[in-house]
Enquirer: 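Attaching a single structure in structure tokens format; questions to follow.
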Amino acid sequence: MENDNRHIFVKGGKRLQGEVTIEGSKNSALVCMAASALADKDTTVTLNNVPDISDVYVMIDLLRALGKTVTYENEVFKITGELKYTELPRELCGSIRGSTYFLGVMMAGLNHAYLGLPGGDRIGARPIDIHLDNLEMMGMKYKMDGGVVEGTAPNGLSGRDLFLSFPSVGATCNIIMAASRAKGKTTISNCAKEPEIVDLANLLSQMGVKIIGAGSDKITIYGSAPIKTDVEHDVISDRIETGVFITAVAITGGDAVIKNCTPYHNYPLISMLSKAGVFIEANDNEIHVVSTGDVNALKITTMPFPGVATDLQPLLTVLALKADGISTITDLVFPERFSYIYELAKMGAKLEHSGNTVRITGVKRIDGTKVVGSDIRAATALVCAGLMADGVTEVEGMHHIERGYKDFVGKLKSLGAEIMIK
Ligand code: UD1
């Protein structure tokens, strides 16, 4: 899709108004889909609320390559059959980050894994050393060669007490899945606490795995054989898509209700934006955002959950362009996720980037021009920059947006944006 010639054209100046409905979480859906492959071959796992985005279709292809039978219709994913094959096509693995999860899945289910190194967004180095080191502690031997990793554990994996050098979401998920079929008990200290971890644990618990502590920084998993029970699970709503719409409404001085979301998953963002002068009211599953379009200067540091999500960092930089004075945004999770600032500079943004921090001078107005979004979150942020720019902004990177957001352009249009794909 690198030569995708569909571009997004957005004419700035419209306030976003109305209602928008949030999809199931991309990141949660991907890991739940992977974990569902560990169910007994004669049972069916049904996942509801699986978003209709391109990463989901790649995941389905990967599951079929493992021998599983999968259907996906109206955002309902069903999987059954035997986990048979230990090899995944390298090119397919290379197209999404979620493919890493099959290392844990195949090691758990087959004691052998051969897969291409994962792809996904180009947001700096994305090593998998934490995954590999900890699976090695559990008894996996591995080698990496020419973009492929092969893991083996002829006698199966064994539970261990593990400590992660960083609370990596991907590594935590991979180890949980591996541990769910390992011999004995595994504890993971300094593990990720993201809602996606809790969602994965809830699914695996339904699949018969005993898991304690999901959502805290220490999780315990008791390995066990698959149970013979069908399972149905609702994937949580997408906190990143929610954060995108909260911020986009703030950027445009809009007034909108964001429905079908979990406000608790966005509290750090809500609290920070409220302090910056945006009115935000949240109840059980919706958020009302009202903004004048003016915000106070921001000082934000993205962190592992419950901190502000790194995925929202590019968009918060766009919001900071509307602030009075100088804002700073520091990314402690992906310190190199700043490629988009050169595109924003083309639009007249005043930004200084140093190390893991960007310093943004509030300029109030920027100009539409042609920009390139090089990953999901950057492309989304550039579209939102277009919403506040004078004139028309042309954004290249539609295929990135489609990896993670269902009908992003359509949703913005329904909120009143002047936007089209051409
Ligand atoms: C997941 C999400 C991504 C989100 C990120 C952080 C998916 C498909 N993607 O990515 O949207 O931005 O969590 O919330 O769910 N690291 C290492 N070695 C490792 C693993 C990670 O050094 O073995 C580093 C990474 O380079 C990064 C940091 O740890 O700097 C966080 O990465 P991680 O939490 O693993 O993110 P992902 O699971 O890749």
Side-chain angles (χ1 to χ4, degrees), residues 7-17 243-256 269 272-280 289-302 308 310-331 335-375 377-397 412 415-419:
H7 294 183
I8 299 168
F9 292 81
V10 51
K11 186 161 182 233
K14 288 278 166 47
R15 300 177 67 211
L16 296 186
Q17 285 174 297
V244 166
F245 279 103
I246 294 174
T247 313
V249 174
I251 287 169
T252 64
D255 179 344
L269 177 74
M272 193 228 15
L273 292 187
S274 300
K275 279 187 211 137
V278 182
F279 170 85
I280 307 182
V289 185
V290 185
S291 163
T292 58
D294 294 321
V295 284
N296 305 325
L298 307 167
K299 190 168 189 308
I300 301 171
T301 301
T302 69
V308 173
T310 169
D311 305 69
L312 296 173
Q313 180 256 104
L315 196 56
L316 291 167
T317 298
V318 175
L319 177 65
L321 293 171
K322 301 219 70 174
D324 290 324
I326 310 276
S327 299
T328 57
I329 303 188
T330 300
D331 197 325
E336 292 169 46
R337 184 176 230 157
F338 289 105
S339 65
Y340 67 92
I341 64 171
Y342 304 101
E343 302 301 306
L344 282 181
K346 288 186 201 163
M347 300 175 78
K350 285 197 189 161
L351 309 154
E352 288 165 54
H353 172 216
S354 170
N356 60 4
T357 300
V358 60
R359 191 168 178 270
I360 307 122
T361 305
V363 286
K364 300 287 179 195
R365 53 159 294 201
I366 51 175
D367 297 311
T369 187
K370 187 170 177 185
V371 286
V372 180
S374 54
D375 67 71
R377 313 303 179 191
T380 316
L382 291 170
V383 171
C384 293
L387 294 172
M388 67 175 266
D390 285 346
V392 175
T393 303
E394 177 180 350
V395 184
E396 197 179 317
L412 286 175
L415 289 170
E418 255 185 85
I419 188 166

Enquirer: Taking atom types as modelled and ignoring hydrogens, do the side chains of D255 and Q17 form a donor-acceptor contact shorter than 3.5 angstrom?
Expert: no
Enquirer: Does any part of the side chain of L298, heavy atoms only, come nearer than 4.5 Å to the side chain of L319, both counted from C-beta?
Expert: yes
Enquirer: So how far is it from K14 NZ to E418 CD, rounded to the nearest 0.5 Å?
Expert: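 Interatomic distance, K14 NZ to E418 CD, rounded to 0.5 Å: 4.0 Å.
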Enquirer: Does CZ belonging to R359 count more than 12 external heavy atoms closer than 6.0 Å?
Expert: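 Atom CZ in R359 is not packed in, count stays at 12 or less.
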Enquirer: What closest approach, in Å, do L316 and I300 show between heavy atoms, and which atom pair accounts for it?
Expert: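 Of all heavy-atom pairs spanning L316 and I300, the closest is CD1-CD1, 4.0 Å.
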Enquirer: Can you name the closest pair of heavy atoms from F338 and I329 and give their distance?
Expert: CZ-O, 4.3 Å
Enquirer: Take T247 and L269, measure what side-chain contact (heavy atoms from CB on, under 4.5 Å) needs, and give me the verdict at the end.
Expert: CA-CA 9 Å; T247 313; L269 177 74; 4.1 Å; yes
Enquirer: I'd like to check L382 versus T393 (side-chain heavy atoms, cut-off strictly below 4.5 Å). Are they in contact?
Expert: no
Enquirer: Just by distance, no angles: are the side chains of R337 and T310 close enough, under 3.5 Å, to form a donor-acceptor pair?
Expert: yes
Enquirer: A side-chain contact here means heavy atoms from C-beta on lying under 4.5 Å apart; do H353 and Y342 qualify?
Expert: yes
Enquirer: Could you tell me which non-hydrogen atom of L351 sits nearest to which non-hydrogen atom of A345, and how far apart they are?
Expert: CD1-N, 4.2 Å
Enquirer: Is the backbone of I251 close enough, under 3.5 Å, to the side chain of K322 for a donor and an acceptor to pair up by distance?
Expert: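 Confirmed, K322 side chain pairs with I251 backbone.
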Enquirer: Once you round to the nearest 0.5 Å, how far does CD of E336 lie from CG of D331?
Expert: 10.0 Å
Enquirer: Let me know which of I8, V395, L344 forms a side-chain contact (heavy atoms from CB on, under 4.5 Å) with V371.
Expert: V395
Enquirer: Considering all heavy atoms of both residues, which atom of G277 and which atom of N296 are nearest to each other, and what is their separation?
Expert: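 Nearest heavy atoms, G277 then N296: N-ND2, 4.2 Å.
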Enquirer: Quick one, E396 and K370 - any side-chain contact, counting heavy atoms below 4.5 Å?
Expert: yes
Enquirer: Could you walk me through whether V383 and I419 pass side-chain contact (heavy atoms from CB on, under 4.5 Å), step by step?
Expert: CA-CA 9 Å; V383 171; I419 188 166; 3.7 Å; yes
Enquirer: Show the nearest heavy-atom pair for residues I366 and M347, with the distance to one decimal.
Expert: CB-O, 3.2 Å
Enquirer: When you compare the side chain of V318 with that of Y340, does any pair of heavy atoms fall below 4.5 Å?
Expert: no
Enquirer: If you compare all heavy atoms of A323 against all heavy atoms of A297, which two are closest, and at what distance to 0.1 Å?
Expert: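 Here A323 and A297 meet closest at CB-CA, 3.8 Å.
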Enquirer: Step by step, work out the side-chain contact (heavy atoms from CB on, under 4.5 Å) result for I280 and L273.
Expert: CA-CA 8 Å; I280 307 182; L273 292 187; 3.8 Å; yes
Enquirer: Taking side chain as C-beta onward, heavy atoms only, is V278 less than 4.5 Å from V295?
Expert: yes
Enquirer: Could you tell me the separation between the OG1 atom of T328 and the CD1 atom of I360, rounded to the nearest 0.5 Å?
Expert: 7.0 Å
Enquirer: Just one of T357, N356, T302 clears the side chain to side chain donor-acceptor pair (under 3.5 Å) bar with T330, so which one?
Expert: T357
Enquirer: Nearest 0.5 angstrom please: D390 CG to M388 CE, how far?
Expert: 9.0 Å
Enquirer: Can you confirm whether L16 sits close enough to L387 that some side-chain heavy atom of one is under 4.5 Å from a side-chain heavy atom of the other?
Expert: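 They are in side-chain contact.
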Enquirer: Assess whether atom NZ of K11 is packed by more than 12 heavy atoms of other residues, nucleotides or ligands within 6.0 Å.
Expert: no
Enquirer: Let's go through L412 and F245 carefully: what are the C-alpha distance in whole Å and the side-chain angles of both, what is the deciding distance for side-chain contact (heavy atoms from CB on, under 4.5 Å) to 0.1 Å, and is it a yes or a no?
Expert: CA-CA 9 Å; L412 286 175; F245 279 103; 3.8 Å; yes
Enquirer: Does T252 use its side chain to pair, donor to acceptor, with the backbone of R15 at less than 3.5 Å?
Expert: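 It does not hold such a pair.
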Enquirer: Can you find a heavy atom in the side chain of V392 that is under 4.5 Å from one in the side chain of V10?
Expert: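 Side chain of V392 against side chain of V10, heavy atoms only: no contact under 4.5 Å found.
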